[in-house]
Each structure stands twice: as C-alpha cells, then as structure tokens.
Amino acid sequence: MYKIYLSLILACFSYAQSVNFDKILELTIKNSKDLKLQQLNIDSSKLDVKTIDSISYGKLTLSEELSRTNHSGYVFNSKLSSREASFDDFGFSQMNEGLKTEPTNLNYPNARNNFNTKLTYDIPLFTGFKLSNQKDILKLQEQANSIKYKLDEKELEFEVLKAYNSAVVAKDFIKALEKAKESVLFMKNGAIAFHKEGLVTKIDVNEAKVYESNINSQLLEAKNNFQLALSYLSFLSSDDSITDVENLENIYFKFPNEKELYEQALKNRDEVKMQDIQVNASKKNIDIAKAAYYPTVFSRLEYGYNDNTLTLSQDKDYYMAMVGITLTLFDNTRDIEKQKSKIEYAKATINQEKLKNTIKLELKKAILTLETKEKILEEKIEAKNLANDILEQAKLQYKNQLISMTTLLQQEANYRKNEALLIEARYEKSLALASLNLVLGKNIKEEKN
C-alpha cells in the first residue's frame with residue numbers, strides 16, 4: 001500500500017512546478033489564442049495582396065453551354081455558329097410564293113441542340129491605377145496587422161507581469177501572515193503562562209486567542225487569493241501545472257530626460273506606426289477615387305466550338321479577340337467620393353497629431369506615477385522598520401507588565417499593516433515601471449535581454 005501512496009506523491013510532484021516570470025512569459029506568448037488569431041489576420045492580409053496580383057493576371061475560364069430550343073432566332077444563330085446554315089433555312093424553297101411569304105423553315109424551325117464549348121481569357125489592361133493603389137492599401141493593411149500583433153504582444157506581456165507579480169504579492173502576504181501567526185501564538189502561550197502564575201487576567205489570554213482567530217481567517221483568505229492568482233497565470237500560459245511562483249519581477253532601464261523619452265515613445269509606439277499607415281491609406285484612397293476619371297481598358301480572348309453535338313472538330317471552331325474601352329463622361333458622384341476621401345485623409349492627419357499629444361500626456365503621468373511610487377516605497381520601508389522596533393519594545397514592556405495585552409496586539413496589528421503596505425508598495429512600483437515601459441512602446445522581454 002505504501003508503494004501506491006509513494007507513486008501518487010511522485011506523480012503530484014512531477015505535474016507541479018514553481019515558475020519564474022521568464023517562463024510564464026514564454027509560455028503565454030507561445031500559447032496565446034489572441035496572438036494566434038492575429039497571426040491568422042496577417043496571413044489573410046497577405047492573401048488579399050495576392051488577390052490583386054491575380055486580378056492583374058486576368059482570368060482563364062473553360063465553359064460548356066448546352067441548350068435546346070425551337071426559338072427561331074436561337075436556332076438560326078446556332079446553325080450559323082456551327083456553319084450549317086443553308087438557303088433552305090432562309091426559305092428559298094418558297095421563293096415562288098411571293099415576297100410577302102413567311103418562310104416556314106426560318107420562322108418555325110425544328111427544335112435544335114446547341115453545344116458551345118469555349119475557353120475565354122479576360123484581363124484588365126488599364127484601370128486608372130485603381131488596382132495598383134488598392135494593392136498598396138492592402139500592403140499597408142498587412143503592415144498594420146503585423147504591427148497590431150506586436151502591440152497585442154506588448155500588452156499581453158504587461159498583463160503577464162501584472163498577473164505574475166499579483167501572485168508573488170499574494171504569496172508574500174501568506175508568508176507575512178504565517179509569521180504573524182507564529183508571533184501571536186508566542187504571545188498567546190506567554191499570556192497563558194502569565195495567567196497560570198497570576199500575573200495577568202483571563203482577558204489577556206482571550207484577547208490573544210481572538211487575534212489568533214482573525215489571523216487564521218486572513219491566512220485562509222490570503223491562500224485563496226494565491227490560488228486564484230495561480231489560476232489566472234495558468235489561464236494566460238495554458239499550463240495547469242503551475243503551483244508556485246518565485247520573486248517579484250521589476251524592469252530596470254535607463255531614464256534620460258523627458259524629451260528623449262518622448263522621442264523614444266514616438267519612435268517605438270505601435271499606435272503611432274498604425275496611425276501613420278492610416279494616413280498613408282487615406283491618401284491612397286484619394287488616388288482610388290481619382291481612378292473614376294480615367295478610362296478603363298480591358299480585353300477578352302475567346303476560342304471555342306459550336307455544334308448540335310459535343311465536338312472538338314476544327315470545322316466547328318471559332319475565335320474572337322476583343323479590346324474594349326470605357327470612359328465615364330459625366331457622373332457627379334465621382335467628385336463627391338473624391339471629396340469624402342480627402343475628408344478621411346484630413347481626419348487621419350488630425351488623429352495622428354492627437355495621438356502624439358496623448359502619448360505626451362501618458363508619458364508625463366507614467367513618470368510622475370513612478371516617481372511617486374518610488375518615494376512611497378522608501379517611506380513604507382522606513383515605516384515598517386519603525387513599526388518593528390515599536391513591536392519589539394512592546395513585547396518587552398508586556399513581559400515586564402508595563403502594558404496590557406490590548407496594547408501589545410495593537411502594535412502587532414500596526415506592524416502587520418505596515419508590512420502589508422510595504423508589500424503593496426513594492427507591487428505598485430513594479431507596475432509603475434512596467435507601465436512606463438509600455439508607454440515607451442518597448443517589449444518587456446527585449447528590455448530584460
């Protein structure tokens with residue numbers, strides 16, 4: 001039986017793992033469904049570009065048309081097409097009946113089958129530069145999808161860092177509460193010993209027990225929060241074997257002056273690149289609207305066979321070569337479409353400037369937030385150290401019966417509160433660093449390397 005228990009324990013260990021941030025990030029990027037969907041959008045946009053090329057190459061079609069009719073026009077036309085028309089079909093046999101005679105064979109022919117086998121090739125020769133401009137726009141769309149992939153990747157990296165550090169913080173809260181539990185247990189045992197010697201009342205013992213119960217409740221909640229944080233990490237990374245996390249992740253990079261940071265943000269931000277593409281695409285749409293003012297030239301080549309039976313006889317074949325040109329002389333909607341395209345271009349240009357101003361504001365806020373979080377962290381470190389000194393002094397005072405258990409527990413609670421605030425301050429600083437990195441348009445994994 002013990003071998004079965006041992007194998008179960010080993011199996012649990014084999015499927016459980018403690019991971020660091022780099023591992024979580026790698027798994028998440030690799031398994032992200034959203035990134036995979038965006039990659040499919042990139043692949044689709046590449047095919048759109050190939051579609052324009054395919055249109056430029058023209059279309060080759062093989063068709064077979066089978067019909068049966070007694071319609072006089074169709075019957076006579078099919079006989080001409082198959083080179084079978086005779087004078088009899090014109091009604092020459094009835095010429096002695098006078099000029100107003102209605103030829104029976106011509107007006108009331110027998111039903112006839114017609115097989116038209118043909119190979120056609122249609123190709124646009126000139127479209128007023130419409131196809132070339134559309135191809136340019138689709139290439140811009142392909143670039144936009146690639147940039148959108150990078151943007152989604154950066155935002156996902158930030159989400160992973162936030163989730164990972166949340167799990168680390170939840171773990172740190174558990175450690176802090178476990179230490180608090182040990183400390184309160186020591187106080188409770190001390191109160192029980194003092195009570196046996198008659199040095200303190202039963203109230204001191206009960207107060208310690210009540211405080212211990214509250215710590216136990218907080219510990220249960222902290223463990224639940226840790227499991228929830230691990231579940232979210234498993235969801236992001238598609239790895240259900242994660243059972244623990246390592247240290248808090250911080251991003252460190254050089255901070256030049258704000259002007260240089262702004263220039264970095266404009267250079268790196270994917271939103272700026274996508275807006276630039278939008279401006280260029282809007283400009284191309286103006287050129288597409290102008291295409292309506294140009295003539296359209298097209299060509300059609302056709303080779304086929306026409307007979308009352310299916311045939312490939314050269315005696316029944318025909319060919320046709322045609323070049324056509326169309327030019328719209330008047331259509332007031334053309335000017336309207338061109339004006340609308342110019343408006344969209346103007347809107348894209350305004351949005352471009354608006355985005356730059358927004359990035360400047362985001363950068364300012366991110367810098368101020370980081371500076372504030374760094375100062376708060378320094379204060380919380382000092383506050384925790386002072387609270388720890390006060391707690392140690394309070395323990396000595398209680399031991400010497402100079403303060404009550406209530407006062408001692410108040411100092412214990414104050415120390416735990418400051419410890420929790422310090423853990424939270426470290427977490428918030430890590431987010432402030434990551435947020436500034438995101439505002440600068442940088443990848444977390446690249447920055448770490």
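Along the sequence shown, residues carry numbers from 1.
In this structure, a donor-acceptor pair under 3.5 Å is present between the side chains of Gln38 and Asn41. In summary, the side chains of Ser67 and Tyr74 do not present any donor paired with an acceptor at a separation below 3.5 Å, with no hydrogens or angles considered. One side chain, Thr333 or Asp331, offers a donor N or O that lies under 3.5 Å from an acceptor on the other. Using a 3.5 Å distance cut-off with no hydrogens or angles, the side chains of Ser430 and Asn165 do pair a donor with an acceptor. A side-chain donor-acceptor contact under 3.5 Å links Asp276 and Gln352.
A ring-centre distance under 6.0 Å is found for Phe21 and Tyr164. Close placement of the Tyr294 and Phe129 rings is indicated, their centers lying within 6.0 Å of each other.
For the pair Ser183 (side chain) and Lys179 (backbone), a donor-acceptor distance under 3.5 Å is absent. Gln218 places no side-chain N or O within 3.5 Å of a backbone atom of Leu177 that could act as its donor or acceptor partner.
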### Query
Please walk me through it: do Asp204 and Tyr398 pass side chain to side chain donor-acceptor pair (under 3.5 Å)?
CA-CA 11 Å; Asp204 285 32; Tyr398 179 77; 3.1 Å; yes

### Message
Would Asn351 and Gln278 count as a side-chain contact (heavy atoms from CB on, under 4.5 Å) here? Give the steps.
### Response
CA-CA 10 Å; Asn351 284 330; Gln278 182 62 39; over 6 Å; no

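Note: Tyr305 and Tyr303 have perpendicular aromatic rings, judged against thresholds of 30 and 60 degrees for the angle between ring planes.
Electrostatic pairing of Lys364 and Glu258 counts as a salt bridge here, judged by a charged N lying under 4.0 Å from a carboxylate O. Salt bridge Glu263/Lys267: absent, no basic N to carboxylate O contact under 4.0 Å.
The minimum heavy-atom distance between Glu412 and Val184, with the atom names listed, is CG-CG2, 4.2 Å. Between Leu355 and Glu271, the closest heavy-atom pair is CD2-O, 3.3 Å.
With Glu428 as the partner, the salt bridge (charged side-chain N to carboxylate O under 4.0 Å, His left out) test is satisfied by one option alone out of Lys375, Lys373, Lys162: Lys373. Checking each of Thr61, Leu62, Leu301 against Leu119 for a side chain to side chain contact (heavy atoms under 4.5 Å, CB included) leaves exactly one that passes, namely Leu62.
In this structure, the separation between CG on Leu377 and OG1 on Thr372 is 12.5 Å, given to the nearest 0.5 Å. In this structure, OG in Ser237 is found 11.5 Å from NZ in Lys30, a value given to the nearest 0.5 Å. Between Lys135 atom NZ and Thr51 atom OG1 the span is 11.5 Å, to the nearest 0.5 Å. Note: Leu368 CG to Leu363 CG = 9.5 Å, rounded to the nearest 0.5 Å. Atoms CG and OH, on Asn145 and Tyr149 in that order, are 12.5 Å from each other to the nearest 0.5 Å. Taken from CD1 in Ile376 to CD in Glu424, the straight-line distance is 9.5 Å, to the nearest 0.5 Å.
A cation-pi arrangement is not found for Arg300 relative to Tyr121, the charged atom failing to lie both closer than 6.0 Å to the ring centre and inside a 45° cone about the ring normal.
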